[in-house]
Amino acid sequence: MSISKAPPDISPVSADVPPDLPSVVPSAAAPELRPVVPVSARRRSLPRWLRRTTGPMLLLAAWHLLSATGVLRPEVLASPGTIAGTAAELVTSGQLGSAMVVSLQRVVVGLLLGGAAGITLALLSGLSRLGEDLVDASVQMLRAVPFVGLIPLFIIWLGIGEAPKVTLIALGVAFHLYLNVYAGIRGVDEQLIEAGTSLGLSRPALVRHVVLPGALPGAMTGLRYSLATAWLALVFGEQINASDGIGFLMTQARDFLRTDVIVVCLVVYAFLGLTADIVVRALERLLLQWRPTFTGQ
């Protein structure tokens, strides 16, 4: 006798949805869309030129306040008003303009001579192991000697004319350019060299199209350092029996305790150095357009 069993009552349940969840899931509310504002746009509430000049203007205001209240005595440091009047007198008389021209000539000549020497030595040392063995050790030893300490030797060797001043500037420029150009050459990616070689580039073409463009960022950095060193060397060089130039004005002002003239000359040095740096940075942006870099937020 057979007994038939009824099949169990099994309701179909989805394998992906647990049986205790409701069959209908309410749809989530659509997110609210908000415009995305860049972080830089939110932070830059003031023009950049205004933010960059805030610090110097505050310093100038504090300087004027200390001078007006008598805390800063004139024999220690002249007031900004006195310095402005002195600068106007020097410009009107033509002394400041002629001194700037003479100093600029010295810097340009020293920069050209030192730049040519530094870049040539860097190419010899960076592109060849033999050149590195012959050049690098000597340059590193000379670089360890403070170039300002060579002034007595320059006076003995070259006299007290323009030659020691220009040589001092050229020496300071050459070391900075050598180090940065050499580091730029040796910092070129080896894979780029291998790729150029596999494409059939000759050694001169490889240097021209691969090595030198790769070393250009380091060379521009070296040029900026060299310009700063050139103005520093000019200050020391124009103390060597100078009869003209900005350093000559400073020497005369020191003898007569004219702090206003000294400050004017220092401001001119700073202005010329800043102008040269702006020119180099503009040249750097022009020559390195192929290299995108981080510019801050």
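Numbers for residues simply follow the sequence, beginning at 1. Being a predicted model, the structure only gives us computed values, none of them experimental.
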Are L287 and V181 in one and the same hydrophobic cluster, where Ile, Leu, Val, Met, Phe, Trp and Tyr link if side-chain heavy atoms are under 4.5 Å apart?
yes
Side-chain donor-acceptor contact under 3.5 Å, T259 with E75
no
Shared hydrophobic cluster for V166 and L150 (ILVMFWY, side-chain gaps under 4.5 Å)
no
Looking only at non-hydrogen atoms, find the nearest pair between R208 and L212 and report the distance.
O-CB, 4.1 Å
Applying the 4.5 Å side-chain criterion to the ILVMFWY set and letting contacts propagate, would W231 and V109 be lumped into a single cluster?
no
Kindly determine whether R106 and V102 satisfy side chain to side chain contact (heavy atoms under 4.5 Å, CB included), including the steps that lead there.
CA-CA 6 Å; R106 290 168 179 162; V102 172; 3.6 Å; yes
To the nearest 0.5 Å, atom OG of S98 lies from atom CZ of F248 at 10.0 Å
Within the structure provided, determine whether L59 and W63 are in side-chain contact (heavy-atom separation under 4.5 Å).
no
Using a cut-off of 6.0 Å, state whether more than 12 heavy atoms not belonging to L142 lie near its atom CG.
yes
With no hydrogens and no angle check, is any side-chain donor or acceptor of S128 less than 3.5 Å from a backbone partner on S125?
no
Could you tell me if T229 and S226 have a donor-acceptor pair between their side chains, going purely by distance under 3.5 Å?
no
Can you find a side-chain donor-acceptor pair between Y182 and D136 that sits under 3.5 Å?
no
Looking at every non-hydrogen atom in both residues, tell me the closest pair between L227 and V280 and how far apart they are.
CD1-CG2, 3.1 Å
Could you tell me the separation between the CD1 atom of I246 and the CG atom of L90, rounded to the nearest 0.5 Å?
11.0 Å
Straight-line distance of I278 CD1 to R224 CZ, nearest 0.5 Å:
10.0 Å
Is there a side chain to side chain contact (heavy atoms under 4.5 Å, CB included) between F175 and N180 once you walk through the steps?
CA-CA 9 Å; F175 289 140; N180 287 273; over 6 Å; no
Separation of L234 CG from L272 CG (nearest 0.5 Å):
9.0 Å
What distance separates L111 CG from L104 CG, expressed to the nearest 0.5 Å?
11.5 Å
State plainly whether one hydrophobic cluster holds both V101 and M250, where clusters connect Ile, Leu, Val, Met, Phe, Trp and Tyr through side-chain heavy atoms under 4.5 angstrom apart.
no
Looking only at non-hydrogen atoms, find the nearest pair between T69 and L66 and report the distance.
OG1-O, 3.2 Å
Tightest non-hydrogen contact, residues A170 and L113, listed as CB-CB, 4.1 Å
One pair to check against side chain to side chain contact (heavy atoms under 4.5 Å, CB included): L249 and V264. What are the steps and the verdict?
CA-CA 10 Å; L249 291 180; V264 169; over 6 Å; no
Provide the closest heavy-atom pair for E238 versus S103 in the form atom of the first, atom of the second, distance.
OE2-OG, 2.7 Å
Quick one: pull up CG in L206 and CG in L199 and give me the separation to the nearest 0.5 Å.
10.0 Å
Test log, rule side chain to side chain contact (heavy atoms under 4.5 Å, CB included), inputs L171 and F154:
CA-CA 11 Å; L171 191 64; F154 288 163; 3.9 Å; yes
Find out if a path of hydrophobic residues (ILVMFWY) with successive side-chain heavy-atom gaps under 4.5 Å connects V279 to M220.
no
Suppose we screen for side chain to side chain donor-acceptor pair (under 3.5 Å). Which residues come up paired with T221, at least two apart in sequence or across chains?
none
Tell me the closest heavy-atom pair linking G222 and L177, and the distance in Å.
C-CD2, 3.8 Å
Does any non-hydrogen side-chain atom of Y178 lie less than 4.5 Å from one of T120?
no
Side chain to side chain donor-acceptor pair (under 3.5 Å) partners of residues 183-207, not counting sequence neighbours, each pair once
E132-R186
Look at the aromatic rings of Y225 and H176 and report parallel, tilted or perpendicular, splitting at 30° and 60°.
parallel
Indicate yes or no: at least one non-hydrogen side-chain atom of S67 is less than 4.5 angstrom from one of P80.
yes
Test your reading of the model: is there a side-chain donor-acceptor pair from S93 to the backbone of E89, 3.5 Å cut-off?
yes
Checking T82 side chain against A78 main chain: does a donor-acceptor pair fall under 3.5 Å?
no
